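Input: a single structure, listed below in structure tokens.
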Amino acid sequence: MELFGRHDLEPLSDLERVEIIRKLIDSLPQNHPLKQGKRDRYFYESQLYDLFQRMKSEAWTVNYVHKKIDEYLEDLPSRKEYIYQRKTKNAVKGDLKQAKIDEQVERMERLRSASALFPNYNAAMRRARRYDFADMILWVLREFEKNEALLRNYQEQYLYFLVDEYQDTNTGQYQLVQLIVGDRSGLCVVGDDDQSIYTWRGANPENLQQLSADFKGLKVIKLEQNYRSTNRILRSANQLIANNDHLFEKKLWSE
């Protein structure tokens, strides 16, 4: 901790997390999008914290989030799901589904207002002298990027790396692997894009696909034999996920 200038900080507890987020919500006016129309003023408490963690993990700034929101809203009228594909009682083919668009606009404006609170959250964490898991990843990344001697020391100390559940890594974790492995070939990862279930907390299954570009000469070994299930179960599972987007095609089988 002293290396990062954080020797006086303590890890954030669950109780302290609730206290910081709720104080942040309490400071908002009653007509704020996170309060408006909600009998429970802390209705978006957990979503707000998850957003802040996502912004840290992905190194998103407030301006970046707002820019992406603007791009998303601008693109809505051209999306098929927001355009009537056939004539109805109250619309003709080609009309916009305005109610559906308005719903997304409200949702995105709430996200815009929530992301704008990110600096307030970080300031509250500093005042409380606390840090969370996402902070630790960011500290190491920043120190490795500006302190080459420190990075080289860890690269020499650890020659081989195995990363499991790679489809669940976020951007910060992926960048950390890139830095510490460098241009060596001592990296092995295990992952399955069909098992990516943590995108809601920042996991990016496309990190698997990016590996081939960032680590030249990477060898892909498909583990297609299943030792847990019968072929009947595998066939049913494959039928259910057949329409999913796949980074790597697999043919699962079992004896």
Side-chain angles (χ1 to χ4, degrees), residues 4 11-12 14 46 49-60 131-145 147-148 150-255:
F4 305 110
L12 183 71
D14 290 340
S46 60
Y49 179 73
D50 290 342
L51 171 63
F52 295 155
Q53 292 301 291
R54 182 75 177 268
M55 291 177 72
K56 285 185 181 182
S57 299
E58 299 293 321
W60 291 347
Y131 67 89
D132 54 32
F133 179 75
D135 286 320
M136 292 190 289
I137 297 291
L138 288 177
W139 293 341
V140 174
L141 276 176
R142 290 167 182 165
E143 196 63 31
F144 277 170
E145 288 170 348
N147 190 339
E148 185 175 354
L150 177 67
L151 175 59
R152 299 303 178 208
N153 178 62
Y154 277 95
Q155 288 178 335
E156 292 177 4
Q157 184 176 356
Y158 301 103
L159 302 180
Y160 303 99
F161 300 90
L162 170 62
V163 185
D164 197 10
E165 304 292 357
Y166 206 77
Q167 75 280 352
D168 294 332
T169 57
N170 57 41
T171 298
Q173 293 165 334
Y174 184 82
Q175 291 173 346
L176 184 59
V177 171
Q178 277 186 298
L179 283 172
I180 201 168
V181 174
D183 56 2
R184 296 171 296 167
S185 58
L187 173 66
C188 175
V189 308
V190 182
D192 183 357
D193 54 305
D194 285 332
Q195 295 188 44
S196 179
I197 59 175
Y198 292 110
T199 53
W200 56 272
R201 72 176 189 191
N204 185 4
E206 292 182 357
N207 285 347
L208 282 170
Q209 188 177 39
Q210 189 63 29
L211 276 169
S212 298
D214 293 334
F215 298 96
K216 303 299 182 183
L218 189 73
K219 183 178 181 180
V220 178
I221 301 175
K222 296 184 179 181
L223 305 178
E224 298 178 306
Q225 182 176 3
N226 187 296
Y227 296 92
R228 294 181 177 179
S229 306
T230 64
N231 273 318
R232 181 179 180 182
I233 293 176
L234 291 177
R235 283 195 299 269
S236 298
N238 286 331
Q239 288 176 357
L240 288 173
I241 65 176
N243 294 322
N244 289 359
D245 293 329
H246 297 279
L247 298 177
F248 300 97
E249 292 296 332
K250 298 177 290 294
K251 294 183 179 180
L252 302 179
W253 59 279
S254 173
E255 292 183 340

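All of these numbers come straight from a predicted model, not from anything done at the bench.
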query: Under the side chain to side chain donor-acceptor pair (under 3.5 Å) test, which residues partner Asn231, sequence neighbours left out?
result: none
- request: Would you give the length of the straight line joining atom OG of Ser254 to atom CZ of Arg232, rounded to the nearest 0.5 angstrom?
  value: 14.0 Å
- line: Residues at least two apart in sequence or cross-chain that pass side chain to side chain contact (heavy atoms under 4.5 Å, CB included) with Glu148, listed by chain then number, are Arg152
- request: May I have the step-by-step check of side-chain hydrogen bond (donor to acceptor under 3.5 Å, both in side chains) for Glu165 and Gln167, ending in yes or no?
  value: CA-CA 6 Å; Glu165 304 292 357; Gln167 75 280 352; 2.8 Å; yes
message: Going by the rule side chain to side chain contact (heavy atoms under 4.5 Å, CB included), which residues pair with Leu223 if we only count those two or more places apart in sequence or in a different chain?
response: Ile221
task: Indicate the ring-plane relationship of Tyr131 and Trp139, choosing parallel, tilted or perpendicular according to the 30° and 60° boundaries.
output: tilted
field: Separation of Leu151 CG from Glu156 CD (nearest 0.5 Å)
entry: 10.0 Å
- prompt: Has Asp183 got more than 12 heavy atoms of other residues, nucleotides or ligands less than 6.0 Å from its CG?
  reply: no
Greater than 12 external heavy atoms within 6.0 Å of Phe161's CZ: yes
field: Asp132: side chain to side chain donor-acceptor pair (under 3.5 Å) partners, not counting sequence neighbours
entry: Gln53, Lys56, Tyr121
- prompt: If you measure from CD on Gln210 to CZ on Phe215, what distance do you get to the nearest 0.5 Å?
  reply: 9.5 Å
Asn170 backbone acceptor or donor facing Gln173 side chain under 3.5 Å: yes
field: Trace of the side-chain contact (heavy atoms from CB on, under 4.5 Å) decision for Gln175 with Leu179
entry: CA-CA 6 Å; Gln175 291 173 346; Leu179 283 172; 5.5 Å; no
- prompt: Looking at residues at least two apart in the chain, or sitting in another chain, which of them share a side chain to side chain donor-acceptor pair (under 3.5 Å) with Glu145?
  reply: none
- prompt: In chain order, what residues pass the side chain to side chain donor-acceptor pair (under 3.5 Å) check against Glu255, with sequence neighbours excluded?
  reply: none
query: How far apart are the closest heavy atoms of Ile180 and Gln155, and which atoms are they?
result: O-CG, 3.2 Å
- prompt: Just one of Val190, Leu211, Leu187 clears the side chain to side chain contact (heavy atoms under 4.5 Å, CB included) bar with Val163, so which one?
  reply: Leu187
query: For the atom pair SG (Cys188) and CG (Leu218), what is the distance rounded to the nearest 0.5 Å?
result: 9.0 Å
task: Hey, could you give me the OH/CG distance between Tyr154 and Asn147, rounded to the nearest 0.5 Å?
output: 10.5 Å
query: Who are the side chain to side chain contact (heavy atoms under 4.5 Å, CB included) partners of Leu176, not counting sequence neighbours?
result: Ile137, Val140, Leu141, Phe144
- request: Find the distance between CG (Leu234) and CG (Asn226) and round it off to the nearest 0.5 Å.
  value: 4.5 Å
With sequence neighbours excluded, residues passing side chain to side chain contact (heavy atoms under 4.5 Å, CB included) with Ile233: Ser229, Thr230
task: Determine yes or no for a side-chain-to-main-chain donor-acceptor pair under 3.5 angstrom, with Ser57 supplying the side chain and Arg54 the backbone.
output: no
